[in-house]
Novice: 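Quick one: structure below, then a few questions.
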Amino acid sequence: MKKALRVVLFSAAAAMVALTGCSKGGKAASDTINLWAFTDEVPGMVNKYIESHPDFKYKVNTTIIATTDGAYQPALDQALQAGGKDAPDMYVAEAAFVLKYSKGDMESFAMPYKDLGIDVNKACKDADIAKFTMDIGSNSKGDINALAYQSTGGCYIYRRSVAKAVFGSDDPKVVQEAIGGGSGNWDKYWDAAAKCAAKGYAIVSGDGDLWHAVENSSDKGWIVNGKLYIDPKREALLDYSKTLTDNGWSNQTQDWQDAWFADMKGVGDKEVLGFFGPAWLINYTIAPNCGGSKPGEGTYGDWGVCNSPVGFFWGGSYIFANKNMPKDKVAAVRELIEWITLDTSNDGLLYKWANGTLNGEGGTKDTVSSGVVMAKSNGELPFLAGQNMFDYFVPANQYARGDNMTQYDESINSYWRDQVRQYAAGNKSRDAAIKDFKQAVADNLGIE
């Protein structure tokens, strides 16, 4: 999410929207690249490329279908399977379901980047592309089928005023030490939770804020040798959630609900120390819900970033090419994909995205897939009291892993988190929660 979880621009009721962005009009259908996406983000990038490259000989027809109510994937699958002149030549998948397209049921439609003519291994090394994104985008043979333009490694995003009240300092190094950032375990985090409670604060908004860190730090995924597997690190979320609830260490909110957003503004039941997330959580979720647009308003400027106790990532959008596209489109599609995912020059998408200049000066700065680009970019944000977010988000990408995912994670995660909440609330026993989780997976996915 990002980016299925970002602001949804198109409703499910108006699921399919055709937009055309082109450099030259009047082209025949064979001179049109069909792009499918679930937000207007990648289409906007493509249009920017075309605007700045007047010699680009193709126009681009964009179909945007929101992920609302699960509308995007079935439509994309049908379009890929149907083929023909209207089939997607390029398509975008979100991290929550990308494995279905990179190495799962729909893998056969993806054209490996090497078949586009990209020396992808060298390009990834030269750009310092995070390993977890390469793992996620690789097919069952180990060839890269897709790459992201963002990096979504996660950090701990904390309120400076709360940190001062609890730890005596808002310095990232002090806060990181207090919560056990980079330790690989949660021991100090629970000590910090008790300290927060003693001062009248919650360490976290809800158990969902821990989930992505817990999920991504597990040693194995949900399915091992074709069977459902509950990694001990993921099973521990039951205990973490119960501990937070029983001790009053959270506000017991659910992510993406009003109470969760209220905690970003500092107006929840208790003020909250922090959230776990990538840079997009700062830019597109916390900032719009902080209650202000400049220092002194709401919680704007009262935030900092440090390392999480465990490495993780959350979200990301991946760009695919259809292996069945007409051969005369391959070079053009390669041109677009290279500019979006691998170009480290100051004229590439990644540099413009990192520095907030894609649409002119003063835009939103974001973390990008290339460590090389972030190393030469300015990640200072007034929202973070002038802190350079790249100092922490760049190394965060090295701690995240992409080898413990399955194409069924989106559904299985939902079943798991539902049972965790019910157990933490005291509605059922621990054993019953695990049993009901297994049953939900078996009933809905046929996996036991």
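Both backbone and side-chain heavy atoms feed into the values below; hydrogens, waters and symmetry mates do not. What you see is a predicted model, and the numbers here were worked out from it, not measured in a lab.
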Novice: When rounded to the nearest 0.5 angstrom, what distance separates OG in S218 from CG in L237?
Specialist: 11.5 Å
Novice: Show your working on side chain to side chain contact (heavy atoms under 4.5 Å, CB included) between V214 and F312 and close with a plain yes or no.
Specialist: CA-CA 8 Å; V214 169; F312 71 102; over 6 Å; no
Novice: If you count every heavy atom of other residues, nucleotides or ligands that lies below 6.0 Å from K438 atom NZ, does the total exceed 12?
Specialist: no
Novice: Testing F275, F276, W303 for ring pair (Phe, Tyr, Trp, His ring centres under 6.0 Å) with Y156, which one passes?
Specialist: F276
Novice: Do S102 and N145 have side-chain N/O donor and acceptor atoms under 3.5 Å apart?
Specialist: no
Novice: What's the separation between atom NZ in K365 and atom OG1 in T357, rounded to the nearest 0.5 Å?
Specialist: 10.0 Å
Novice: Could you go step by step and tell me if D403 and R401 meet the salt bridge (charged side-chain N to carboxylate O under 4.0 Å, His left out) rule?
Specialist: CA-CA 6 Å; D403 59 354; R401 56 189 300 176; 2.8 Å; yes
Novice: Backbone N or O of F97 within a donor-acceptor pair of the E410 side chain at under 3.5 Å?
Specialist: no
Novice: Identify the two heavy atoms, one from I337 and one from A321, that lie closest to each other, and give their separation to 0.1 Å.
Specialist: CD1-CB, 4.0 Å
Novice: Please round to the nearest 0.5 Å and tell me the distance separating atom CD1 of I118 and atom CD1 of I144.
Specialist: 9.5 Å
Novice: Quick one: do the Q422 and D418 side chains pair a donor with an acceptor below 3.5 Å?
Specialist: yes
Novice: Is E177 salt-bridged to K188, going by a charged N under 4.0 Å from an acidic O?
Specialist: yes
Novice: For N397 and S151, which I'm curious about, is there any donor-acceptor pair between the side chains at under 3.5 Å?
Specialist: yes
Novice: Are E235 and R430 within salt-bridge range, i.e. N to O under 4.0 Å?
Specialist: yes
Novice: Does one side chain, of D347 or W339, offer a donor that lies under 3.5 Å from an acceptor on the other?
Specialist: no
Novice: Any ion pair linking D431 and K435 (charged N to carboxylate O, less than 4.0 Å)?
Specialist: no
Novice: Distance-only, no hydrogens or angles: does the D366 side chain make a donor-acceptor pair with backbone N or O of G356 under 3.5 Å?
Specialist: no
Novice: Looking at K141 and D143, is there a salt bridge between them, counting it only when a charged N and a carboxylate O are closer than 4.0 Å?
Specialist: no
Novice: If I take atom CG from residue D391 and atom CD from residue E380, how far apart are they, to the nearest 0.5 angstrom?
Specialist: 8.5 Å
Novice: Any side-chain donor-acceptor pair under 3.5 Å between D209 and W260?
Specialist: yes
Novice: Just to verify, which of D187, N185, I179 counts as forming a side-chain contact (heavy atoms from CB on, under 4.5 Å) with S183?
Specialist: N185
Novice: Nearest 0.5 Å please: distance from the CD atom of E41 over to the CE atom of M45.
Specialist: 4.5 Å
Novice: Using a 3.5 Å distance criterion without hydrogens, assess whether the side chain of N247 forms a donor-acceptor pair with backbone atoms of T243.
Specialist: yes
Novice: Check for a donor-acceptor pair, side chain of T152 on one end and backbone N or O of P278 on the other, with a separation under 3.5 Å.
Specialist: no
Novice: Any side-chain to backbone donor/acceptor pair from S369 onto L342? Under 3.5 Å, distance only.
Specialist: no
Novice: Given 3.5 Å as the limit, does a donor-acceptor pair link the side chain of T344 with the main chain of A127, or not?
Specialist: no
Novice: Could you verify whether a donor N or O on one side chain and an acceptor N or O on the other, from S138 and D135, lie under 3.5 Å apart?
Specialist: no
Novice: Please name all residues satisfying ring-ring contact (aromatic ring centres under 6.0 Å, His included) with F132, sequence neighbours left out, ordered by chain then number.
Specialist: F313
Novice: Show your working on ring-ring contact (aromatic ring centres under 6.0 Å, His included) between W36 and Y101 and close with a plain yes or no.
Specialist: CA-CA 13 Å; W36 279 54; Y101 298 92; over 10 Å; no
Novice: Do NZ/NE/NH1/NH2 and the carboxylate oxygens of R421 and D207 come within less than 4.0 Å?
Specialist: no
Novice: For residues 264-274, which residue pairs pass the side chain to side chain donor-acceptor pair (under 3.5 Å) check, not counting sequence neighbours?
Specialist: R159-E271
Novice: So L445 and L228, side chain to side chain contact (heavy atoms under 4.5 Å, CB included) or not? Walk me through it.
Specialist: CA-CA 10 Å; L445 299 175; L228 180 66; over 6 Å; no
Novice: Taking E297 for its side chain and S293 for its backbone only, find out whether a donor-acceptor pair lies under 3.5 Å.
Specialist: yes
Novice: What's the separation between atom CD in E107 and atom OG in S140, rounded to the nearest 0.5 Å?
Specialist: 3.5 Å
